[in-house]
> 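Below is the structure I would like to discuss, written out as structure tokens.
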Amino acid sequence: MDIASLRKPELTRRDFMKVAGMTAAYFGISQALTPQIVQALENNAGKAAVIWLEGQSCTGCTESFLNNLEPSATSILLDTISLRYHETAMAASGHQAEAALQATIAEGGYVLVIEGSIPLAEDGAFCTVAGKPFTEIVRETAKNAAAIICVGACATYGGIPRSGPTDAVGYLFRGKELHHYFDDVGAKPVINLPTCPLHNERLTATIVHYLTFGTVPELDQYNRPYAFYGKIQHDNCTRRGNYDTGRFVTDFGNPDQHGFCLILKGCKGPVAKQDCWDRKWNNRGNYCIDAGHPCVACSNPEFYEDTSPLYAHNYDFGLPPL
Amino acid sequence: MTRIVVDPLTRIEGHLRIEVEVENGVVTDAWSAGTMARGWENILVGRDPWDAPYVTSRVCGVCEGVHTIASNQAIEDAFGIELTEAGRLMRNLFSAGYYVHDHFIHFYVLSALDFLDIMAIASYEGSDPGLLAIKSKIVGLVVAGDTSPFTPRYTPDEFSVSDPETVTTLVSHYLKAVELKAKSQKMLSYLTGIQPHPNALMPGGCTATPSVEILMDLKKLWQEQADFVNNVYVPDVMAVGYGPLLPLAAAGFGATDGNYLAFPMLPQGSSAAAGDISFGGSNPMFRGGVIKASGPRGTLTDISGLTIEDVDYSQITESVTHSWYDYPAGTDALHPSEGVTAFNLKKEGAYSFLKAPRYDSMTMEVGPLARGMVNKFPALVDFFNAGGREGVVARHLCRAVISKQIINDGLAWIDRLIELRLKGPLVGMNEKAVPKTGKGMGVWDAPRGALGHWIEVDNHRIKNYQLVVPSTWNAGPRDENGVKGPYEQALIGAPVPDLDNPINVVRIIRSFDPCIACAVHLIDPHTNDVKVVKVS
């Protein structure tokens, strides 16, 4: 690697083009709208303010967001949005961080990203920041937000922590059930982008879609964009042919079974609604099933409480008639 | 005397609250507390043991993979599984690749802003087009009146790097590091399915079956990481550590009491029988060991002659005297294989929900410096000879040295994997059914230090699951003898000349690379009845 090349950051207008083209492609909208998206991004005077809260999070969704390569995560951070509060990324600590949050709330009109579940038990005492329960921080921050995007399984439906002792919920849902804990913050769009962790492209495209059109993409009954969560994994699985012909993995260690259907190993593909089969992960690097790992339906509201055990075939769907 | 609270302590993983008492410009006492918990260990009780690696990887999205490995090893220990060679190689490659990007991201993204006067970029007057682009970018943010997320910030002090050329170069490396991290995650997804949160690493090995083409691409991406580590990351750390930060290093800034613990990792041989325990192999790239302090804090001048003891895993305990947990009556500390997670929010004298891990009743610093001391890194010996001492700077130095060795030596594993693949399909898994009963332990030296998982299986289900994680070792509270945890020790004596600008407090804590979601299994409902002077 040439050291000089390290010093050439890609912080140019081309990044707007990349973001715009990507958004159009991800949402299945016409590339003819790309100039409109670019214009919307450029006209966004002062850039869109974003507050990113972390509740009962593991920071995995933040990590995933930073994996954007085309355009780079730093380009999104410096050129597309104005990240006012994000505990993992911001320079400020302590009282300065608090002040930045309060100033942005007062300004209003920002996009609120929530990562991590929200514990309701013990009046929110299972997660406090700067001495305040996270429930209170969410309520305070949601009030003046223009739109709320919940990322990852935890912020959407409670995720793995929902199985623990803290009464962990997502912003709107506790698993499949609606709850009404945050009713008082007013009607505003809430977009759920589940999976464990968040898929970075789904978030970037959602933010840009919102900035361009001022509307949220079409959502299903669990507030997931149809563009990403409209199809069933099993119907589109790269291993579907093996399912149809009855070739199943029964022993991960048997090389003769490489590439076979994973349903006897607990694969939840028949109930999983997501487009990983098409989108893949890590800049088209791979995804679970291609790595021989059964789908655990981490985009579904019932994950993980009702999808455990992860690797046992005890789900209510059968095998093909052979 | 003034009490200062830093909450949230940002640019770490998880939620951490640090309180210090300052007298005459020097920290005289300190407390560290995590403020979020999810009850992870309790979630696993009654579950299928096969769920454990998936679930425990979600303890933390930053150090995700090492939990999967420790969990897999605990299960393999309980089930009696020996890894296949391909399984061991893929697991090592995952861990090694992850390790390296985790370290350079810590240096550039999480720590560097504590040592750089970022606004010095505006004074850059050189002609490098790349650096000029950075300058115009940052100046553009200033002109537009929106410099988030780089501001607000603590005021730079005399130890901050303010030379415009150096600062601008380091910021350009910051941007490059983020891009290379994404590429590293792509490379690792070839073995794990997705990143972060590896899924394909399972008890018995790895389910991925990469083709030769994929392995060649992995090698190409690996080489790119190696180039960055060798030509950018290591030189940057050396330049800063031997340059502007050497006075801090010589003062033992941020040193703990000098007890160190490291576990073995990255086994390179196939048999698990060798003395230094590392399930799934022997001859670890980094050995485990224990060092007991031989003198006052931060005064050690020569590490080449230190005595390294083997780790005796039965000597590990967790104390809860000052933690919000109850143990059975008359019990002060428990071995993790018999650990109990039962909390008591009203407990007198308790101030944290982290337990206090101890080895042979002693507090231990774990992490890169411990690994460097136990393995007597030549670069660390040189650093001590140049006047450097234990503490903040030595931790950063050890991360860079470890990254260099891992990324360079790891290439041989890829070549061996390609060789195996050319002979036939890769057999990455050795699968075994869940036994009716069993007990197991898995250990690994995670980027932040000694990590252990303990599992007990009964009636084919998890009966007890306990994690003792690096940030619990380092961030834990006082124990039954009143001995402070390593974070608390490291803060004592730190200069805080300006109460409104406790930059040294965050420098010290961030040098440990805190990972608090891992460390806290339950929360701090801490109603904060101490008198607090908020930093404004």
Side-chain angles (χ1 to χ4, degrees), chain A residues 1 3 6-9 11 46 56 58-60 63-64 66-67 69 72-74 82-84 86-87 89-97 100 122 125-131 160-161 163-166 197 251-253 255 258 281-283 285-288 291-293 308-312, chain B residues 6-10 13 15 35-39 42-43 47-48 50-51 54 58 60-62 113 130-131 133-134 137 146 148-150 152-153 172 175-176 178-179 182 185-186 189-190 193-197 199-200 207-209 227 231 425 427 429-431 506 517 523 525 528 534-536:
Chain A
M1 187 198 297
I3 291 294
L6 291 171
R7 297 181 172 181
K8 292 200 181 89
L11 298 171
Q56 285 182 308
C58 71
T59 315
E63 280 276 330
S64 184
L66 291 175
N67 284 343
L69 269 175
S72 70
T74 50
S82 171
L83 189 64
R84 303 291 178 78
H86 188 305
E87 285 174 42
M90 71 192 307
S93 282
H95 191 67
Q96 293 180 335
E122 305 281 343
F126 281 96
C127 182
T128 64
V129 181
I160 296 176
S163 304
T166 66
D251 175 359
F252 283 122
H258 282 182
W281 280 70
N282 301 100
N283 304 288
N286 206 351
Y287 87 115
C288 302
H293 183 273
S308 164
L310 298 173
Y311 308 108
Chain B
V6 182
D7 179 12
L9 198 146
T10 52
E13 194 290 319
H15 304 288
T35 62
M36 184 277 282
R38 297 158 295 181
N42 303 343
I43 289 171
R47 303 272 179 191
D48 184 338
W50 274 76
D51 282 8
Y54 184 96
R58 272 78 179 166
C60 174
V62 177
L113 294 173
L131 298 188
I134 298 275
K137 169 59 58 188
D146 182 357
S148 62
F150 295 126
R153 60 183 177 142
S172 77
L175 300 175
K176 189 69 188 174
V178 176
E179 180 195 327
Q185 296 270 31
K186 175 173 187 167
S189 79
Y190 294 156
I194 67 170
Q195 280 298 124
H197 291 328
N199 289 339
T207 62
T209 54
D227 289 346
N231 300 328
V427 181
M429 287 286 287
N430 179 14
E431 189 183 337
V506 296
I523 197 275
N528 188 25
K534 263 209 168 181
V535 178
S536 55

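Side chains are part of it too, since the values below use all heavy atoms of this structure and drop only hydrogens, waters and symmetry mates. Just so it is clear: chains get the letters A, B, ... in the order the sequence lines come, proteins before strands, and each one is counted from 1.
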> Taking all non-hydrogen atoms of both residues, which atom of B:Thr10 and which atom of A:Ala97 are closest, and how far apart?
CG2-CB, 4.3 Å
> What residue, out of A:Pro309, A:Gly164, A:Ser93, has the most heavy-atom pairs lying under 4.5 Å from chain B?
A:Ser93
> How many angstroms lie between CG in A:Asp251 and CD in B:Glu431, if you round to the nearest 0.5 Å?
5.0 Å
> Roughly how far apart are B:Gln195 CD and A:Asn67 CG, rounded to 0.5 Å?
8.0 Å
> Does the side chain of B:Ile194 reach to within under 4.5 Å of the side chain of A:Pro197, using non-hydrogen atoms?
yes
> Is A:Ser64 reaching over with its side chain to a backbone N or O of B:Pro196, donor-acceptor style, under 3.5 angstrom?
no
> With a 4.5 angstrom heavy-atom cut-off, is it the side chain or the backbone of B:Val506 that approaches chain A, or both, or neither?
side chain
> Between the side chain of A:Glu63 and the main-chain N/O of B:Val62, is any donor-acceptor distance below 3.5 Å?
no
> So which residue, B:Asp48, B:Asn430, B:Leu9, B:Thr209, ends up with the most heavy-atom pairs under 4.5 Å with chain A?
B:Thr209
> Which bit of A:Ala100 is near chain B, if near means a heavy-atom gap under 4.5 Å: side chain, backbone, both or neither?
side chain
> So, taking the atom named OG in A:Ser72 and the one named CD in B:Glu179, what distance separates them when rounded to the nearest 0.5 Å?
7.0 Å
> Heavy atoms only: give me the nearest B:His197-A:Gly60 pair and the separation to one decimal.
NE2-CA, 4.3 Å
> To the nearest 0.5 Å, what is the distance between OG1 on A:Thr59 and CD on B:Glu13?
3.5 Å
> Looking at every non-hydrogen atom in both residues, tell me the closest pair between B:Ser148 and A:Arg84 and how far apart they are.
OG-CD, 3.7 Å
> If you define the side chain from C-beta out and look only at heavy atoms, does anything of B:Arg47 sit under 4.5 Å from A:Ser308?
yes
> Hey, mind stepping through A:His293 and B:Tyr54 against side-chain contact (heavy atoms from CB on, under 4.5 Å) and telling me if it holds?
CA-CA 11 Å; A:His293 183 273; B:Tyr54 184 96; 4.2 Å; yes
> For the backbone of A:Leu310 and the side chain of B:Asp51, can you confirm whether one donor and one acceptor N or O come within less than 3.5 Å of each other?
yes
> Side chain from CB out, backbone as N, CA, C, O: work out which of these in A:His86 comes under 4.5 Å of a heavy atom of chain B, or both, or neither.
neither
> Classify the ring geometry between B:Trp50 and A:Tyr311 as parallel (under 30°), tilted (30 to 60°) or perpendicular (over 60°).
perpendicular
> Of the non-hydrogen atoms in B:Arg58 and A:Cys58, which two are nearest, and what is the gap between them?
O-CB, 3.5 Å
> Nearest heavy-atom pair of B:Ala200 and A:Ala291: which atoms, and what distance?
CB-O, 3.7 Å
> Which atom pair, heavy atoms only, marks the closest approach of A:Ala91 to B:Phe150?
CB-O, 3.2 Å
